[in-house]
Amino acid sequence: MAGQRQFRRETLADLSGRVVEVGAGNGLNFEHYPASVTEVVAVEPEPSYARRQNEAAAAASVPVRVVDGVADALPIDDGSCDGAVASLVLCTVPDQAVSLAELRRVLRPDGELRFYEHVVSQRPAFARFPARGRRHALAARSGGDERSGGCHPARDTLAAIQQAGFVIEECRRFDFRPTPLVAPATPRILGVARA
Ligand SMILES: C[S@@+](CC[C@H](N)C(=O)[O-])C[C@H]1O[C@@H](n2cnc3c(N)ncnc32)[C@H](O)[C@@H]1O
């Protein structure tokens, strides 16, 4: 999606070591990983996305390995990652609590979760509509695999991150609008949480 490069760069800035990214979509984050990252393990359930991620991995400046799997059962050892990335994906996983518990399990003690997510609006009038069950148009794309939960834009993802035991170190909220002509803007959170 247009206009997100700056947010992707900000999400990944200063990460280092081994990083797991779940549901990387088209792999649009890969080019923004800093050189201090030694390996990205991209866990992806959908073959079509995995193919696009492998293409993006070939052009990335850090090593990216795309592996089949789901955020709710990561094929990764306990405590083996320095960082974890959830970018526009916690709206999609079937069970946020399970996925976040998995991300925390694979992080080393004090490892960091970087998140960039679209979330429920804090303005009640806006929050009500998606809370009734509206599924984002992206659901059509991400719902093609039985392990995908579709896209639920009304989730309180920041609360879920905290409930999973992460400590929020930084978080900013803003409304994202891809172009001035496209409405409505979607509320986003971007930040760092410590395992
Ligand atoms: C909206 S796209 C992600 C966009 C991408 N992360 C980005 O920043 O542009 C949702 C992604 O989540 C993946 N996905 C869906 N269900 C998943 C699950 N249970 N575990 C991991 N990834 C999942 C989809 O296949 C897709 O790659």
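Both counts, for ligands and for their atoms, begin at 1 and track the order of listing. Since the model is a prediction, treat every value here as computed from it, not as a measurement.
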S.K.: What atoms of ligand 1 come closer than 4.0 angstrom to any heavy atom of Val70?
M.R.: 19 (N), 20 (N)
S.K.: Of the backbone atoms (N, CA, C, O) and the side-chain heavy atoms from C-beta on, which set of Cys91 has a member under 4.0 Å from an atom of ligand 1: side chain, backbone, both, or neither?
M.R.: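 Cys91 to ligand 1: no contact under 4.0 Å from either part.
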S.K.: Using heavy atoms and a threshold below 4.0 Å, how should the contact between Glu44 and ligand 1 be classified: side chain, backbone, both, or neither?
M.R.: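 It is the side chain that gets close, since no backbone atom is under 4.0 Å.
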S.K.: Measuring from non-hydrogen atoms of Gln4 to any atom of ligand 1, is the shortest distance under 4.0 Å?
M.R.: no
S.K.: Of Ser87, Ala50, Gly25, which has the heavy atom at the shortest distance from atom 8 (O) of ligand 1?
M.R.: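 Nearest option to atom 8 (O) of ligand 1, by heavy atoms: Ser87.
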S.K.: So, regarding Glu21 and ligand 1 (criterion: nitrogen or oxygen to nitrogen or oxygen, under 3.5 Å), is there a contact or not?
M.R.: no
S.K.: Heavy atom under 4.0 Å from ligand 1: found in Ala71's side chain, backbone, both, or neither?
M.R.: both
S.K.: Would the distance check show the side chain of Ser36 and the main-chain N or O of Leu15 forming a donor-acceptor pair, the cut-off being under 3.5 Å?
M.R.: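 Yes: the side chain of Ser36 pairs with the backbone of Leu15.
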S.K.: With nothing but distance in play, are any N or O atoms of Thr92 less than 3.5 Å from an N or O of ligand 1?
M.R.: no
S.K.: For the side-chain hydrogen bond (donor to acceptor under 3.5 Å, both in side chains) test, which of Glu44, Glu21, Arg65 pairs with Gln53?
M.R.: Glu44
S.K.: Please work out, at 4.0 Å between heavy atoms, whether the side chain, the backbone, both, or neither of Asn26 comes within that distance of ligand 1.
M.R.: neither
S.K.: For Arg51, check side-chain contact (heavy atoms from CB on, under 4.5 Å) against everything at least two apart and list the hits.
M.R.: Pro47, Ser48
S.K.: Between Ser99 (side chain) and Gln96 (backbone), is there a donor-acceptor pair under 3.5 Å?
M.R.: no
S.K.: Indicate yes or no for a side-chain donor-acceptor contact from Arg188 to the backbone of Arg172 under 3.5 Å, with no hydrogens or angles considered.
M.R.: no
S.K.: Pick one of side chain, backbone, both or neither for how Val89 approaches ligand 1, counting any non-hydrogen atom pair under 4.0 Å.
M.R.: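 Near ligand 1, Val89 shows its side chain, while the N, CA, C and O stay back.
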S.K.: Could you tell me whether Gly23 and ligand 1 have an N or O pair separated by under 3.5 Å?
M.R.: yes
S.K.: Looking at Tyr49, which atoms of ligand 1 are within less than 4.0 Å of one of its heavy atoms?
M.R.: 24 (C), 25 (O), 26 (C), 27 (O)
S.K.: Between the main-chain N or O of Thr11 and the side-chain N or O of Arg114, is there a donor-acceptor pair closer than 3.5 Å?
M.R.: yes
S.K.: Suppose we screen for side-chain contact (heavy atoms from CB on, under 4.5 Å). Which residues come up paired with Arg173, at least two apart in sequence or across chains?
M.R.: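 By the side-chain contact (heavy atoms from CB on, under 4.5 Å) rule, Arg173 matches Val119, Gln122, Leu158, Ile189.
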S.K.: At a 4.0 Å cut-off, with the gap strictly under it, does some heavy atom of Asp72 reach an atom of ligand 1?
M.R.: yes
S.K.: Heavy atoms only: which of Glu117, Arg52, Arg8 is nearest to atom 7 (C) of ligand 1?
M.R.: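 Closest candidate by heavy-atom distance is Arg8.
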S.K.: Would you give the length of the straight line joining atom CZ of Arg104 to atom CZ of Arg194, rounded to the nearest 0.5 angstrom?
M.R.: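 Interatomic distance, Arg104 CZ to Arg194 CZ, rounded to 0.5 Å: 12.5 Å.
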S.K.: Which atoms of ligand 1 sit under 4.0 Å from any heavy atom of Pro45?
M.R.: 14 (N), 17 (C), 21 (C), 22 (N), 23 (C)
S.K.: Which atoms of ligand 1 sit under 4.0 Å from any heavy atom of Pro94?
M.R.: 19 (N)
S.K.: Taking CG in Asp14 as the centre, count heavy atoms belonging to other residues, nucleotides or ligands within less than 6.0 Å. Is the count above 12?
M.R.: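 Open.
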S.K.: List the steps and the verdict of side-chain contact (heavy atoms from CB on, under 4.5 Å) for Val93 and Val70.
M.R.: CA-CA 8 Å; Val93 296; Val70 286; over 6 Å; no
